[in-house]
Every structure is written in structure tokens, then in C-alpha cells.
Amino acid sequence: MKERKFKKELLNLFRTVVIAVIFGLFIQSTITTSAHVISGSMEDTIMTDSRVMGLRVSYLFCEPERFDIIIFQPTEGDQSIPHIKRIIGLPNEEIRIVDGRVFINGSTVPLDEDFIKGISQGNFGPFNVPENSYFVMGDNRNGSSDSRHWHNRYVPRGNIIGKLYFSYFPIPHLLG
């Protein structure tokens, strides 16, 4: 009798674990995505070796916006590793970087980017962002390989996996 009860409980536990694994895989492949941050290009917003989670569904009913932090498939280099950068330029915009400051569409007022680590340097552009593409940069501008330097400068809309939502390792915090 006890052996039969034990086998029944073991079978119930096995079913629960299988259902949880299937549910987790479904969530990971349709609603969320996770990534391991392997570079310092987004410091101090996201530290090297952090583990982060993004929402795949973030852009189902709206388009990505300036300053969103996105997880995306790169168009060059090791395409098996998703990249994480901040959207700076939107489709059909002209981006100029003068003395490290970003100007959009000929504006004389630079973007207010209080999230940048250190004093950004360099002159780049102009870059004309194509339709359905985005110009992205890391928050650690002086230590980031991003749209300023890539041969394929722009992230196509179809390469965006999701919007970064939070860091869950080493110290959980919401990202804005």
C-alpha cells in the first residue's frame, strides 16, 4: 500500500516537473528572452557579466523608441550571441556626433543623455538611418563597438528580439 502511494506521488511529481519545463520553454521562446552581458559597452547601466531579461512582446503593438535598451541579433560578427545596446536613432533620422554629443536631424541642441558613462569623445556621421532600421550605441561610448563603427551600421527592425526589462544577476534591478 505504501509503495503504491509512493509511486503515485512520484508520478505526480514527475508530471508537475514536465509541465513546468514545457511551460518555461514556451514562455522563453514566445514572451521573454534572456541574455548574458559579455562586454562593458553598456556600463554603468548594465555591468559586464550581468544576466538580463527582455520582453519579446514589447513591440507587438508599438514601435521601438529612442533610448529603449534592446536585445537584438547582430548583422555581423558572431551572430549567435545577441547584443544589447540603446536606441539612439530612429528610422529616417540623420545622426551626427560632434565632440561626443549626438544631434538629430540638424538640431543645434544635443540629445540629453544622462546615462552615458564618462565624457563621450569623437566626431561621427552624418548617418542616415534607413526605413525600418535603428542606430544604436552603448552607454559606455568610449568602450563600445556600435553603429558608429560597424560595417552594417543599422539594426533592422526584424533583428530586434525584445526590449530589455530587468537584470536578474548579480543584483536585480529594473532598467529604464
Side-chain angles (χ1 to χ4, degrees), residues 13-91 93 95 102 104 111-118 120 129-176:
L13 177 62
F14 178 75
R15 285 182 191 154
T16 301
V17 168
V18 167
I19 290 169
V21 167
I22 291 171
F23 184 69
L25 290 172
F26 173 77
I27 296 292
Q28 174 69 15
S29 66
T30 60
I31 298 173
T32 66
T33 186
S34 61
H36 179 203
V37 179
I38 59 173
S39 78
S41 70
M42 287 298 293
E43 290 182 357
D44 287 332
T45 305
I46 308 166
M47 302 308 287
T48 304
D49 211 29
S50 292
R51 305 251 185 329
V52 295
M53 183 162 290
L55 292 177
R56 292 179 188 269
V57 297
S58 292
Y59 300 123
L60 282 180
F61 303 108
C62 66
E63 290 301 311
E65 298 178 359
R66 188 178 336 277
F67 303 136
D68 284 356
I69 301 173
I70 58 170
I71 300 172
F72 61 96
Q73 285 304 127
T75 57
E76 56 190 53
D78 186 351
Q79 297 176 358
S80 67
I81 300 173
H83 283 44
I84 300 167
K85 303 285 183 203
R86 189 179 297 270
I87 293 176
I88 300 301
L90 301 174
E93 289 185 333
I95 311 298
V102 177
I104 306 291
L111 288 181
D112 182 16
E113 300 179 291
D114 59 353
F115 44 78
I116 293 176
K117 177 180 180 176
S120 186
V129 185
E131 185 72 32
N132 296 316
S133 295
Y134 297 87
F135 187 90
V136 298
M137 295 171 71
D139 289 358
N140 181 5
R141 298 284 164 84
N142 298 321
S144 177
S145 173
D146 51 40
S147 288
R148 297 170 295 169
H149 308 290
W150 299 332
H151 176 72
N152 299 316
R153 295 195 186 283
Y154 310 103
V155 177
R157 174 68 171 84
N159 285 37
I160 297 175
I161 299 168
K163 180 178 179 179
L164 200 62
Y165 186 61
F166 68 91
S167 171
Y168 61 90
F169 181 82
I171 300 171
H173 64 280
L174 294 177
L175 300 170

Nearest 0.5 angstrom please: T48 OG1 to M42 CE, how far?
11.0 Å
Determine whether S41 and D146 make a side-chain contact, defined as any pair of heavy atoms from C-beta on separated by less than 4.5 Å.
no
With sequence neighbours excluded, tell me which residues meet salt bridge (charged side-chain N to carboxylate O under 4.0 Å, His left out) with E65.
none
May I ask you to say whether R141 pairs ionically with E113, meaning some side-chain N is under 4.0 Å from a carboxylate O?
yes
Specify the closest pair of heavy atoms between W150 and K85, including all atoms of both residues, with the distance to one decimal.
CZ2-CE, 4.1 Å
Look at the aromatic rings of F72 and H83 and report parallel, tilted or perpendicular, splitting at 30° and 60°.
tilted
Drop me the distance from T33's OG1 to I161's CD1, to the nearest 0.5 angstrom.
5.0 Å
Do L164 and I46 come close enough that some side-chain heavy atom pair is under 4.5 Å?
yes
Within the 3.5 Å criterion, strictly below it, is a donor on D68 or Y134 matched to an acceptor on the partner's side chain?
no
For the OG1 atom of T45 and the CG atom of D139, what is their distance to the nearest 0.5 Å?
3.5 Å
Specify the closest pair of heavy atoms between P74 and P82, including all atoms of both residues, with the distance to one decimal.
CD-CA, 4.4 Å
As a quick check of understanding, evaluate side-chain contact (heavy atoms from CB on, under 4.5 Å) for H36 and D49, giving each step before the final call.
CA-CA 6 Å; H36 179 203; D49 211 29; 2.6 Å; yes
Going by side chain to side chain contact (heavy atoms under 4.5 Å, CB included), name the residues that satisfy it together with H151, two or more places apart in sequence or in a different chain.
E76
Give the minimum heavy-atom separation between H149 and S144, together with the two atoms involved.
CD2-O, 3.5 Å
